[in-house]
2 protein chains.
Amino acid sequence: MPSDRAPTRIQRKNRAAILEAALDVFSSHGFRGSTVDQIAKAAGLSKPNLLYYFPSKEAIFNELMAGLLDTWLDPLRALDPDGEPLEEILAYVQRKLQMSRDYPRESRLYANEIVQGAPRLHDVIAADLNVLVEEKAHLLQGWMDAGRINRAHPKHLLFSIWSLTQHYADFDAQVRTLMGDEDPFDAAPQYLETLYRRMLTPNI
Amino acid sequence: MPSDRAPTRIQRKNRAAILEAALDVFSSHGFRGSTVDQIAKAAGLSKPNLLYYFPSKEAIFNELMAGLLDTWLDPLRALDPDGEPLEEILAYVQRKLQMSRDYPRESRLYANEIVQGAPRLHDVIAADLNVLVEEKAHLLQGWMDAGRINRAHPKHLLFSIWSLTQHYADFDAQVRTLMGDEDPFDAAPQYLETLYRRMLTPNI
DNA sequence: CCTTGATTTGACCAACTGGTCAAACTCACG
DNA sequence: CGTGAGTTTGACCAGTTGGTCAAATCAAGG
């Protein structure tokens, strides 16, 4: 185990390499489907050497998840109560879509966990995420009550944004097969903007 | 191995119990995360006894998948070229939503596979699903060209229906945590109907 | 260059897992 | 009720996996 002192150059490099490799492996095989050996090889280390930096497979996973969740919720946090409602929501949709394009592994890692019942995430969801969702659902409800966007169940609205955007990362294998040569991310931004604009623009 | 004759009463009962148990186990832990022992126990059999009915873990999985895919695509097949376009699409959305409510395990089993890159499904997707999607995308495009529904990328339209409806099954753990006491399926049908009606009703 | 702590590794272990097999048991039917 | 096919199981095996450990190697400051 590395000492408690300030991390050495080697420690920083290897811990980063391990987390990067673990993201790759965990996101494409799930926790149970991944082996320490796989991660070690992907990080260019031997298995005992990897376990010199992290005490266990689970510890790697947890550190990865902790780091992920923070950045994962940033786009929603950025929903500005003082902005123009429709534009705020559309911008949020585009930020989420960007994340699916730029960080598909993170999205799949998260999806893997939730699909399997979130055994290692239940607490975090019940705590941090719940608070954030309540706050933003309330904000959306306020905009609807003020007639600035069309009415819709605010939580279902959030769910729909998550599912529509993350779909392009999580179901990438299916989407790409069905789209052939066309890059899904060419038309997706336009499609989602149209969808939410038509849905939320206040009726005259 | 059971003989080639017509299946006995016991064979029918046990094979059904195994497939039912396997659906439970595979859908909540993924293929790699599931063990033959788990499935056997859930089916009320010993491991060797289970392997008397199926030659391998993979064989169980494959039989499960083959049976699933057929029924999984039925709602899309039922999209009727001769129907009223908007109502056809809305009915399809509701059928898919029903499936998420009534067969969440099947949805998660499928999701588990796709998220992990569809290693055991690539051929089927590239073949059957692709043909069906091309056909229905063409139908949707026709409706748009005739001005009977608003324009939108037809494949992305299909993706959006899949992702929005399956989300309630696949991310059930998250959705239920965030909805508290409220049953997600109370408001979901209404929400999705409104969404697609606003989106697709032709502009005047 | 030498010491000391940091890093790396081969060898190893125990638990688990998918699968086999021969022997035992059960059932349906003549 | 006897018999042969159908069914069940305990014992077992080989490969994999997460994790340990002592010994070897390396890096950096004195």
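In what follows, chains carry the letters A, B, and so on, assigned in the order in which the sequence lines appear, proteins first and then strands, with residues in each chain numbered from 1. Since the structure is predicted, the reported quantities are computational estimates derived from the model, not experimental observations. Just so it is clear, the values below take in all heavy atoms, side chains as well, and ignore hydrogens, waters and symmetry mates.
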**Message:** Nearest whole Å is fine: how far is D:dT17 C1' from A:F31 CZ?
**Reply:** 12 Å

Quiz: residues 75-83 of chain B side-chain donor-acceptor pairs under 3.5 angstrom, not counting sequence neighbours:
residue	atom	partner	partner atom	Å
B:R77	NH1	B:D70	O	3.3
B:R77	NH1	B:D74	OD1	2.8
B:D80	OD1	B:D82	N	2.9

**Request:** Please assess A:H29 against B:F31 for the test ring pair (Phe, Tyr, Trp, His ring centres under 6.0 Å), listing each intermediate value before the final yes or no.
**Result:** CA-CA 10 Å; A:H29 306 290; B:F31 180 79; over 10 Å; no

**Asked** Where is the tightest heavy-atom contact between B:L86 and B:T201, given as atom of each residue plus distance?
**Response** CD2-OG1, 3.5 Å

**Message:** Would you call the rings of B:Y168 and A:F159 parallel, tilted or perpendicular, taking 30° and 60° as the class edges?
**Reply:** perpendicular

**Prompt:** Looking just at side-chain N and O atoms, do A:H153 and A:Q141 make a donor-acceptor pair shorter than 3.5 Å?
**Reply:** no

**Prompt:** Please give, in whole Å, the distance from C:dT20 C1' to B:Y53 OH?
**Reply:** 17 Å

**Message:** Below the 4.0 Å mark, does C:dC16 have OP1 or OP2 next to a side-chain nitrogen or oxygen of A:R32?
**Reply:** no

**Request:** Go through residues 33-52 of chain B and report each residue with a non-hydrogen atom lying under 4.0 Å from DNA chain D, sorted by number.
**Result:** B:S46, B:P48, B:N49, B:Y52

**Asked** Taking the inter-plane angle between the rings of A:F61 and A:F26 on a 0 to 90° scale, is it parallel (under 30°), tilted (30 to 60°) or perpendicular (over 60°)?
**Response** perpendicular

**Message:** Rounding to an integer number of Å, can you tell me how far A:D4 CG sits from C:dG5 P?
**Reply:** 15 Å

**Request:** Determine, for A:R105 against A:E20, whether the closest basic-nitrogen to carboxylate-oxygen distance falls under 4.0 angstrom.
**Result:** yes

**Prompt:** Do A:Y196 and A:S160 have a side chain donor and acceptor closer than 3.5 Å?
**Reply:** yes

**Asked** Should A:E182 and B:K155 count as an ion pair when the cut-off is N to O under 4.0 Å?
**Response** no

**Asked** Under 4.0 Å between a side-chain N/O of A:T8 and OP1 or OP2 of D:dA27, yes or no?
**Response** no

**Item:** Which residues share a salt bridge (Lys or Arg N to Asp or Glu O under 4.0 Å) with A:R148, sequence neighbours left out
**Value:** A:E84

**Item:** Sequence neighbours excluded, every pair satisfying side chain to side chain donor-acceptor pair (under 3.5 Å) that has a member inside residues 92-104 of chain A
**Value:** A:Y92-A:W162

**Fill in**
For nucleotides 22-30 of chain C, 5' to 3', base contacts (B), sugar-phosphate-only contacts (S) and non-contacts (-) with protein non-hydrogen atoms under 4.0 Å give -----SS--

**Prompt:** Taking DNA chain C as the partner, which of residues 11-19 of chain B come within under 4.0 angstrom of it by heavy atom?
**Reply:** none

**Message:** So A:F54, base contact, sugar-phosphate only, or nothing? Heavy-atom distance under 4.0 Å.
**Reply:** nothing

**Asked** When the distance from CD of B:E58 to P of C:dT17 is rounded to whole Å, what number comes out?
**Response** 17 Å

